[in-house]
Amino acid sequence: MQLIVLWDVDHTLVENAGVSKEIYASAFKALAKREAELPAPTEGRTDRAIMREMFVQHGLPVPAWDRAQRALEQAGRDREEDLRQRGHVLPGAQEALKALAADSAVCSSVLTGNISANARVKLRAFGLDSLLDMAVGGYGEDSDNRARLVDTARARIHAARGIPLVAPTVLIGDTPRDVRAAHDARARCIAVASGIHSVAELHAAGADVVLADLTDTEDLLTCLRTTLT
């Protein structure tokens, strides 16, 4: 049976070391022609929602999304080397991605609030992009609702790979928003306590499985296999 696995990026696969906040601040400055006084409200939100909320909390008109997306893309390109120098791959992430990439029954892609261009920047900085089917993921430009990104990814996977829309789907992420998005989209969620949320918090959010980290690849694969039974 085929399986769809959708990975969050920040704090699940990579630690961005504050570069994400700088990307949003730079994009805000380019659009608003002034420095941001308040940090971007991230933590599991999509880029559409983050940029909108930044302008609302500063009391400014929200720019058209196409302009915001271009500003985010430029800011991401400008900071790829900063990310490479300051950030890092989280323990076990590369090994987990390699294991799934080697399994022809699994479509391993991305479900992230980042726009696709910046998801590629973050994963390319650490050589992870080639281990994922980036063309069929769900990204921050697709919707401001994270759950809708799951169905967007499913539709792309079905169109490109022929995997049924009803194939078992698992989100792997680090926040309660990942858990909620998975369940709202009738998917399962493996939550990883590699971000700011503890194992207990992720259990309380309703995650189907909670892992402390990704260092035990075989344990992760076992958890994924249970979705097929």
Side-chain angles (χ1 to χ4, degrees), residues 1-16 44 83-84 87-114 116 118-139 146 149-150 152-154 156-175 177-179 181-183 185-195 197 199 202-203 207-229:
M1 186 182 295
Q2 293 171 305
L3 175 66
I4 296 170
V5 180
L6 300 173
W7 292 87
D8 177 49
V9 175
D10 294 299
H11 312 301
T12 300
L13 293 174
V14 305
E15 171 51 55
N16 65 61
L83 182 64
R84 187 177 291 112
H88 61 269
V89 179
L90 286 166
Q94 185 172 48
E95 292 77 10
L97 292 179
K98 284 181 178 179
L100 294 183
D103 189 339
S104 61
V106 176
C107 179
S108 181
S109 189
V110 173
L111 195 293
T112 175
N114 290 285
S116 55
N118 288 354
R120 290 179 184 278
V121 164
K122 291 177 178 181
L123 294 168
R124 184 174 61 232
F126 306 109
L128 301 181
D129 56 320
S130 62
L131 299 175
L132 289 152
D133 194 339
M134 300 286 292
V136 295
Y139 299 97
R146 203 173 184 91
L149 302 185
V150 181
T152 297
R154 282 173 169 148
R156 286 174 176 154
I157 290 166
H158 176 66
R161 310 289 177 253
I163 296 176
L165 293 171
V166 295
T169 303
V170 181
L171 270 65
I172 304 180
D174 66 287
T175 75
R177 280 191 171 86
D178 294 306
V179 179
H183 292 168
R186 307 169 309 285
R188 291 172 63 84
C189 182
I190 296 177
V192 188
S194 47
H197 297 283
V199 168
L202 294 169
H203 272 301
D208 298 286
V209 176
V210 181
L211 303 176
D213 54 41
L214 294 172
T215 56
D216 190 336
T217 302
E218 189 54 43
D219 185 33
L220 174 65
L221 295 178
T222 298
C223 293
L224 290 170
R225 290 186 197 109
T226 64
T227 67
L228 300 176
T229 60

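These numbers were taken from a predicted model, which means no experiment stands behind them.
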**Q** Check for a donor-acceptor pair, side chain of Ser108 on one end and backbone N or O of Leu132 on the other, with a separation under 3.5 Å.
**A**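 Side chain of Ser108 to backbone of Leu132, a donor-acceptor pair under 3.5 Å: no, none is there.
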**Q** To check you understand the geometry: which heavy-atom pair defines the closest contact between Gly113 and Arg146, and what is its length?
**A**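 Looks like N-NH1, 3.4 Å.
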**Q** Rounded to the nearest 0.5 Å, how far apart are CD of Gln2 and CD1 of Ile163?
**A** 4.5 Å
**Q** I need the minimum non-hydrogen distance between Val14 and Lys122, along with the two atoms involved.
**A** CG1-O, 4.2 Å
**Q** Which is it for Thr12 and Asp174 under the side-chain hydrogen bond (donor to acceptor under 3.5 Å, both in side chains) test, yes or no, and what are the steps along the way?
**A** CA-CA 6 Å; Thr12 300; Asp174 66 287; 2.9 Å; yes
**Q** Within the 4.5 Å heavy-atom criterion, are Asp103 and Leu3 side-chain neighbours or not?
**A**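 Heavy-atom side-chain distance check fails, nothing below 4.5 Å.
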**Q** Rounded to the nearest 0.5 Å, how far does CG of Leu97 lie from OG of Ser130?
**A**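 Result: 9.5 Å between the selected atoms.
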**Q** Identify the residue among Val209, Val210, Asp216 that makes a side-chain contact (heavy atoms from CB on, under 4.5 Å) with Cys223.
**A**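 Result: among Val209, Val210, Asp216, Val209 is the only option passing the side-chain contact (heavy atoms from CB on, under 4.5 Å) with Cys223.
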**Q** Below 4.5 Å, heavy atoms only, C-beta onward: do Leu220 and Leu211 meet side chain to side chain?
**A**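 Answer yes - side chains close enough.
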**Q** Taking side chain as C-beta onward, heavy atoms only, is Thr215 less than 4.5 Å from Glu95?
**A** no
**Q** CH2/Trp7 to CG/Leu123 distance, rounded to the nearest 0.5 angstrom?
**A** 11.0 Å
**Q** Compare all side-chain heavy atoms of Tyr139 with those of Asn114 and state whether any distance is below 4.5 angstrom.
**A** no
**Q** Taking the side chain as every heavy atom from C-beta outward, state whether His183 and Asp208 have any atom pair closer than 4.5 Å.
**A**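 A side-chain contact under 4.5 Å exists here.
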**Q** For Val150 versus Leu111, what's the shortest heavy-atom pair and its separation?
**A** N-CD2, 3.6 Å
**Q** How many angstroms lie between atom CG of Leu13 and atom CG of Asp129, to the nearest 0.5 angstrom?
**A** 11.5 Å
**Q** Check each of Thr169, Leu149, Ile172, Asp178 against Leu6 using the side-chain contact (heavy atoms from CB on, under 4.5 Å) test, and report the only one that passes.
**A**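 Single pass found, and it is Thr169.
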**Q** Kindly compute the distance separating CZ (Arg154) from CD1 (Ile4), expressed to the nearest 0.5 Å.
**A** 6.5 Å
**Q** Of all heavy-atom pairs between Ala212 and Val199, which one has the smallest distance, and what is that distance?
**A** CA-CG2, 4.3 Å
**Q** Quick one: closest heavy-atom pair of Ala207 and Val179, and the distance?
**A**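 Here Ala207 and Val179 meet closest at N-CG1, 3.5 Å.
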**Q** Would you say the side chain of Ser194 lies within less than 4.5 Å of the side chain of Asp213, judging by non-hydrogen atoms?
**A** no
**Q** Using 0.5 Å steps for rounding, measure from the CD1 atom of Ile190 to the CG atom of Asp8.
**A** 13.5 Å
**Q** Taking all non-hydrogen atoms of both residues into account, name the closest pair between Arg124 and Arg84 and its distance.
**A** O-NH2, 4.4 Å
